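Before any comments, here is the structure.
Protein chains get the first letters and strands the later ones, always in sequence-line order, with residue 1 at the start of each. Since this is a predicted model, take the numbers as computed values, not measurements.
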2 protein chains.
Amino acid sequence: MENAFINLDARARTLLRTLIESYIRDGQPVGSRTLARTSGLSVSAATVRNVMADLEDMGLIHSPHTSAGRIPTPAGYRLFVDSLLEVRNPSPEEVRAIQSGFDPNASTQDLMDTTSNLLSRVTRMAGMVRLPRHRNVALSQIEFLRLGEGRILAILVIDGKEVQNRVLELERDFGQDELQRMANYLNAHLAGKSLHAVRAELLREMRDVRDDLDAMMLAAIDLGEKAVGDEDPDDVVVAGQTHLLGYEELADMERLRQLLEAFNEKQEILGILDQCIRSDRVQIFIGRESGLDWFENCSVVTAPYSVDGEVVGVLGVIGPTRMSYDRVIPIVDVTARLLGSALGDQPPGDPK
Amino acid sequence: MENAFINLDARARTLLRTLIESYIRDGQPVGSRTLARTSGLSVSAATVRNVMADLEDMGLIHSPHTSAGRIPTPAGYRLFVDSLLEVRNPSPEEVRAIQSGFDPNASTQDLMDTTSNLLSRVTRMAGMVRLPRHRNVALSQIEFLRLGEGRILAILVIDGKEVQNRVLELERDFGQDELQRMANYLNAHLAGKSLHAVRAELLREMRDVRDDLDAMMLAAIDLGEKAVGDEDPDDVVVAGQTHLLGYEELADMERLRQLLEAFNEKQEILGILDQCIRSDRVQIFIGRESGLDWFENCSVVTAPYSVDGEVVGVLGVIGPTRMSYDRVIPIVDVTARLLGSALGDQPPGDPK
DNA sequence: TCTGGCACTCGACCGAGTGGAGCGCTGACG
DNA sequence: CGTCAGCGCTCCACTCGGTCGAGTGCCAGA
């Protein structure tokens, strides 16, 4: 595949690029004559045919039947997005549409919903956002509530606005007043620190037990660790799945069913997104590259988003492989940046 | 429509029933010859033709084109389900499948998810469950947490297991200790009563202010009312939408898009379900009867479910108009009963 | 190495023809 | 008056053959 790229001379690359662009635009197999006319090169259709035959040998394009034009293979798309594509800057209206969608003082959940909606509306495909990891947001407050025999509700207030409930099942039973004192202790020690730091501190304290800690403190630390320990639930917000019904290259009902089912289950979507969280740029999956066969004719464009320089999540869109990458890529890119800054701006914009 | 029923003699009704059953089974327009053979009546095809012509005049059946068999109209389906249908008892396997799906000590949310999943899996259509109104579940505990300037988090524990958070925005600021005292006051007065009763009591106390209440108590009552006041959010749980992609009578992509969109928005689904909550039996909407035109070729079968004799919600399925009503209706019916008793059994099953 | 030309292939489209299912109507029968 | 057999007609679904056009592969010549 790497070799394929090296072996391609400038003319072949131009032709391949023109062919794919044309196919993306029209959805029709493109033949030698049209390609010769539209490529801008002054070569004859016959010459183009020879080049096309070479490209077909390399597995970059193929004919759906003997005498039709050529369409790109997944490998062709791969080469295209990796080294032939010139991304457009997102149009000003699009940037404005995206930017105006972000409400600076919405809750995180709302922000996620808005973002995936935005992505799906602007691209007319399905948008998805991986929830941010909360590693470096500040714990404002922690409280415990006794529900029943050994069952405790832990309430974490994060960033002064986000609230998380967790039900803990314990062997020992605590009275409400004990719980209150433990919460006071934890709040005094931990409030304002990031969840990440809180967890580290609790674990450290559990390790080197000091003499000046009484049993209650120990229990408090233990309880705090349990409450904070469970990382945020893995989840992903999806929107605009129905846009995918409009693409006739995805018209196979059975495939479509599997695709929508995947959106419901979310598990496989999560898997795909998690593969992208390492990269620091826009990433693209084409067709079956992700190893899922219901993914035929689909592509994913993702970008990680970060707060204060640390990647905390991924967002992206999923649509037909035959999509306008030059338009979609910058949209996903800029949305990721804007989401990152919307998340990052909040603490300063809403001090205490 | 009523007249149509009265005017139909036994033979015509048998023929209509056989025709609709046959069409539901095969999806093919059914002609006079086959109908004469399968109806069990000993009449000739010609006679059947005469009857069919009458039925067509009444608007109960129609031909898709000049010389094809007849298919039922929505009015025909209506008559069919109202007075011709003989529902089968649900098959034992189906009852068992449904019954075994209910985990007696799952949370309400889980129960709703399970139920809609169950409905969709057993019927192979889309299942939906309207969340139960909480009017008569017991409030176990109420707590307040100060989030910031005038912003308070109210935590309601219901039935000793369900937890609800509500953020209240107030004009006046309260300290955490004030909040604690108010919560104590409310808990002492209200714990164990039903949400409905709690609300009534709070409203009553607000009306006839008594002298022996100090300002704090008043504030507490006000706060409690705010916290309990907002009824549970309207919501509905949907599952198995993707099953609908399999029915070729729903193959129109644009219609399908609208249908799935409706499931996402949930608003219209809610509207339909709310129309059914009054009835105490299985209800059926056929085609456009609900007034929504994307609903063509779809039908809804719903049944309310009740706890302790009071209807608290509705569940149902949505699928193609051409569905096996005789199978679906008892399934929906029995599921509603089982869900009701699963919800009702919990308080006795989990005392305290 | 490029190019024009030629033969060939294949799908899309059209129109005619055919078979079959099904209807409406009519006239006869009990 | 209800029932029924039969006839003629309509319309759909399918097939078949022919044509057209787009596109390919290959070859010979510049």
Notebook entry, point to check: Roughly, in whole Å, what's the span from CD in B:Glu56 to P in C:dC23?
Noted result: 9 Å
Margin query: At 10 degrees resolution, what angle do the end axes of the helix from C:dT1-D:dA30 to C:dG30-D:dC1 form when each is taken over five base pairs?
Written below: 20°
Next item on the list: Salt-bridge test for B:Arg257 and B:Glu254: reply yes if a basic N is under 4.0 Å from a carboxylate O, no otherwise.
Entry: yes
Margin query: Measure CG/A:Asn50 against P/D:dA28 and give the value in whole Å, please.
Written below: 15 Å
Check: Just how far, in rounded Å, is P of D:dC7 from CZ of B:Arg33?
Finding: 14 Å
Checklist line | Whole-Å gap separating C1' (D:dG23) and CG (A:Asp26) | finding: 16 Å
Check: Are A:Arg11 and C:dC2 close enough that a side-chain N or O sits under 4.0 Å from OP1 or OP2?
Finding: yes
Margin query: Measuring to OP1 and OP2 of C:dC2, would you say a side-chain N or O of A:Thr47 lies under 4.0 angstrom away?
Written below: no
Checklist line | Value in whole Å for how far the C1' atom of D:dT24 lies from CG of A:Asp54 | finding: 14 Å
Next item on the list: Taking only the side-chain heavy atoms of B:Thr66 (C-beta and beyond), determine which of D:dT10, D:dC4, C:dG5 contains the nearest atom.
Entry: D:dT10
Margin query: Tell me the interatomic distance from A:Ile71, atom CD1, to D:dG23, atom P, rounded to whole angstroms.
Written below: 13 Å
Item checked: Nearest-neighbour nucleotide for the A:Ser32 side chain, C:dC25, D:dC11, D:dT24 considered -> D:dT24
Check: Is B:Ala68 touching bases, backbone alone, or none of the nucleic acid, heavy atoms closer than 4.0 Å?
Finding: sugar-phosphate
